Structures are given as C-alpha cells and as structure tokens.
Amino acid sequence: MKRNWKPGTMIYPLPAVLVSCGAEPEEYNLLTVAWTGTICSDPPMCYISVRRERHSHPILKKNMEFVINLTTRDMAYATDWCGVRSGRDYDKFREMNLTPVPASVVKAPCVDESPLCIECRVREIVPLGSHDMFIADVVNVLADEKYIDPATGAFDMQRAGLLVYAHGHYYETGSPVGKFGWSVQKKKK
C-alpha cells in the first residue's frame with residue numbers, strides 16, 4: 001500500500017558534482033551541486049540550479065561559463081566541504097587541496113582531480129523559486145585518460161567510481177545491472 005506524501009524533490013540519486021566558476025584565479029570558486037543534469041543530446045546541453053544567495057551565483061551570472069566536475073569516492077570529503085562552506089570565507093581549491101587547471105574552451109577552471117570535466121557556456125538563466133536554473137551548452141569535455149577504455153574509446157564510469165547524492169547522503173556508483181537496450185537485445189544461440 002502506498003500513502004500520499006508531501007510534494008518534494010525525491011528524484012534520487014543525483015550526481016554530486018563540483019561546479020567551478022570564475023574567469024580569473026582571484027575569482028575562482030567551487031560549489032557543490034546535486035541539482036544538475038542533461039537536458040538535450042543534440043546540441044549537448046545541461047543545467048545547474050543554484051540559489052541566488054550563494055557566493056557563486058553572481059560569478060556565474062557575470063561570466064556565463066562554468067565547469068561541471070564529476071566527483072569520486074576520493075573526492076567525497078571535498079565535495080561535501082565545498083557544499084557547506086562559502087567561497088566568501090574560503091579559497092576552496094586551497095583548503096581542499098584541489099588543483100585548478102585551465103579548461104580548453106571556457107575561462108572557468110577545471111578540477112584536475114576530477115575524472116571528467118564538462119565545460120559549459122550559459123545560454124539562459126531561468127528564475128524558478130529557491131533556485132535559478134543555468135541552462136548551458138556543453139562546449140567541451142575533458143576526460144582523464146586512465147578511465148578511457150582503449151578498446152572501445154568509452155569512458156569507464158564504473159572504474160571511475162563516481163559519486164552520487166541521495167536524500168542527504170553520498171554514495172559511490174555500483175556495479176552495472178544491464179546496458180541500454182539489453183532488454184530487447186537478441187539472444188545469441
């Protein structure tokens with residue numbers, strides 16, 4: 001039996017990512033975001049939703065660029081810390097021993113420790129209520145070569161051990177249970 005429950009944000013798990021922003025080193029900042037995702041394949045587009053009172057919000061709005069840095073188990077502490085501390089008070093890169101490196105296309109830095117960095121250019125900002133949604137074009141992706149399968153050229157998500165967020169907790173992604181289309185794939189005889 002199911003019961004009615006108050007409306008809320010119960011679509012979990014979500015990626016736990018570090019978003020880097022800023023055009024110059026003195027402006028660089030990191031914020032932890034779980035309200036993020038893909039919104040279009042062609043052209044590749046994604047979004048992040050950020051509260052207006054966050055230190056990064058005006059930086060994002062001014063520069064209209066950011067990088068979504070996927071995180072791992074090894075980055076879990078830094079991911080949480082960057083979500084509960086403000087860039088007004090801390091240099092988050094320095095405090096968490098994370099390395100800002102130049103992106104290929106945007107001015108915002110990538111996090112060198114991240115296995116996959118998604119460079120984004122904001123197309124539109126949509127005010128939603130508690131958050132503004134930054135809808136962005138994906139202009140480049142930087143992938144750590146150690147996670148690229150040499151046989152297929154695919155990024156090995158399982159080996160990267162990506163971090164996800166579910167209702168107040170962080171988890172490492174687990175073992176695959178299938179692949180796209182496996183339910184209708186013809187069986188080999």
Side-chain angles (χ1 to χ4, degrees), residues 9 11-72 75 78-88 91-93 96 98-144 147-148 154-155 157 160 162-166 170 173 180:
T9 52
I11 300 170
Y12 290 113
L14 298 162
V17 303
L18 283 172
V19 172
S20 48
C21 59
E24 302 294 332
E26 58 276 355
E27 183 183 53
Y28 287 172
N29 194 40
L30 291 167
L31 71 153
T32 303
V33 172
W35 302 154
T36 184
T38 300
I39 55 174
C40 189
S41 301
D42 188 16
M45 294 176 65
C46 61
Y47 79 94
I48 58 171
S49 289
V50 179
R51 290 181 181 270
R52 285 177 286 288
E53 62 270 14
R54 295 290 299 261
H55 176 68
S56 294
H57 190 281
I59 298 169
L60 291 162
K61 202 168 179 180
K62 173 184 145 200
N63 294 306
M64 300 295 277
E65 294 179 338
F66 59 88
V67 178
I68 296 172
N69 303 277
L70 300 189
T71 60
T72 63
M75 298 174 70
T79 301
D80 183 65
W81 194 92
C82 288
V84 296
R85 298 290 187 216
S86 174
R88 287 182 190 94
D91 175 339
K92 295 180 184 183
F93 278 102
M96 289 295 101
L98 295 172
T99 312
V101 294
S104 293
V105 177
V106 301
K107 290 182 181 170
C110 293
V111 176
D112 196 38
E113 292 77 9
S114 172
L116 196 79
C117 306
I118 304 163
E119 298 179 45
C120 302
R121 188 164 287 134
V122 177
R123 177 186 281 211
E124 180 180 358
I125 302 171
V126 180
L128 297 174
S130 62
H131 291 68
D132 284 348
M133 179 187 286
F134 291 79
I135 297 173
D137 292 303
V138 174
V139 295
N140 192 52
V141 176
L142 292 171
D144 190 325
Y147 298 113
I148 298 175
F155 186 80
M157 299 273 185
L162 299 177
L163 205 60
V164 295
Y165 177 83
Y170 300 97
T173 54
F180 180 75

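Source: prediction; values computed, not measured.
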Side-chain touch S114/L18, heavy atoms, less than 4.5 angstrom: no

When you measure from the side chain of T36 to the backbone N and O of Y47, does any donor-acceptor pair fall under 3.5 Å? yes

Looking only at heavy atoms, which two atoms of S104 and L142 are closest? And how far apart? OG-CD2, 3.5 Å

Presence of salt bridge, R123 and D137, under 4.0 angstrom: yes

Yes or no on side chain to side chain contact (heavy atoms under 4.5 Å, CB included) for F66 and V106, after CA distance, side-chain angles and deciding distance? CA-CA 7 Å; F66 59 88; V106 301; over 6 Å; no

Let me confirm one number: the CH2-CG distance from W35 to D132, rounded to the nearest 0.5 Å. 15.5 Å

Answer yes or no: is there a side-chain heavy-atom contact under 4.5 Å between K92 and W81? yes

Given 3.5 Å as the limit, does a donor-acceptor pair link the side chain of E65 with the main chain of K107, or not? yes

Is the shortest heavy-atom distance from the side chain of L162 to the side chain of P15 under 4.5 Å? no

Could you please spell out the steps behind the side chain to side chain contact (heavy atoms under 4.5 Å, CB included) verdict for M64 and I125? CA-CA 9 Å; M64 300 295 277; I125 302 171; 3.9 Å; yes

Report the distance from atom CD1 of I135 to atom SG of C120, rounding to the nearest 0.5 Å. 12.0 Å

When you measure from the side chain of T32 to the backbone N and O of T79, does any donor-acceptor pair fall under 3.5 Å? yes

Any donor-acceptor pair under 3.5 Å linking the side chain of E27 with the backbone of I59? no

Taking C40's backbone N and O only, do any of them form a donor-acceptor pair with T38's side chain (distance below 3.5 Å, no angle check)? no

Could you give me the CA-CA distance, side-chain angles and deciding distance for N29 and H55, then say whether side-chain hydrogen bond (donor to acceptor under 3.5 Å, both in side chains) is met? CA-CA 8 Å; N29 194 40; H55 176 68; 4.6 Å; no

Least distance between heavy atoms, P109 atom then G22 atom: CD-O, 3.7 Å

Mind running side chain to side chain contact (heavy atoms under 4.5 Å, CB included) on Y12 and V164 for me, showing each step along the way? CA-CA 9 Å; Y12 290 113; V164 295; over 6 Å; no

Can you check side chain to side chain contact (heavy atoms under 4.5 Å, CB included) on I68 and C46, steps first, answer last? CA-CA 10 Å; I68 296 172; C46 61; 3.7 Å; yes

Can you find a heavy atom in the side chain of T71 that is under 4.5 Å from one in the side chain of Y170? no

Smallest heavy-atom separation, A143 atom then F155 atom, equals CB-CD1, 4.0 Å

Any side-chain heavy-atom pair of S20 and P100 under 4.5 Å: no

Distance (rounded to the nearest 0.5 Å) between I48 CD1 and F134 CZ: 6.0 Å

L31 side chain reached by R54 side chain, heavy atoms, under 4.5 Å: yes

Residues A160 and Y147: closest non-hydrogen pair is CA-CE2, 3.4 Å

Within a 6.0 Å radius of atom CD1 on I11, are there more than 12 heavy atoms belonging to other residues, nucleotides or ligands? no

Would you indicate whether the side-chain heavy atoms of M75 and L163 approach each other to under 4.5 Å? no

Please answer whether the main-chain N or O of D91 pairs with a side-chain N or O of R85 as donor and acceptor at a distance below 3.5 Å. no

Is there a side-chain contact between L98 and N69 in this structure, where contact means two heavy atoms from C-beta onward sitting under 4.5 Å apart? no

Once rounded to the nearest 0.5 Å, what's the spacing between atom CE of M45 and atom CD of E124? 8.0 Å

Which value, rounded to the nearest 0.5 Å, describes the distance between C110 atom SG and N140 atom CG? 8.0 Å

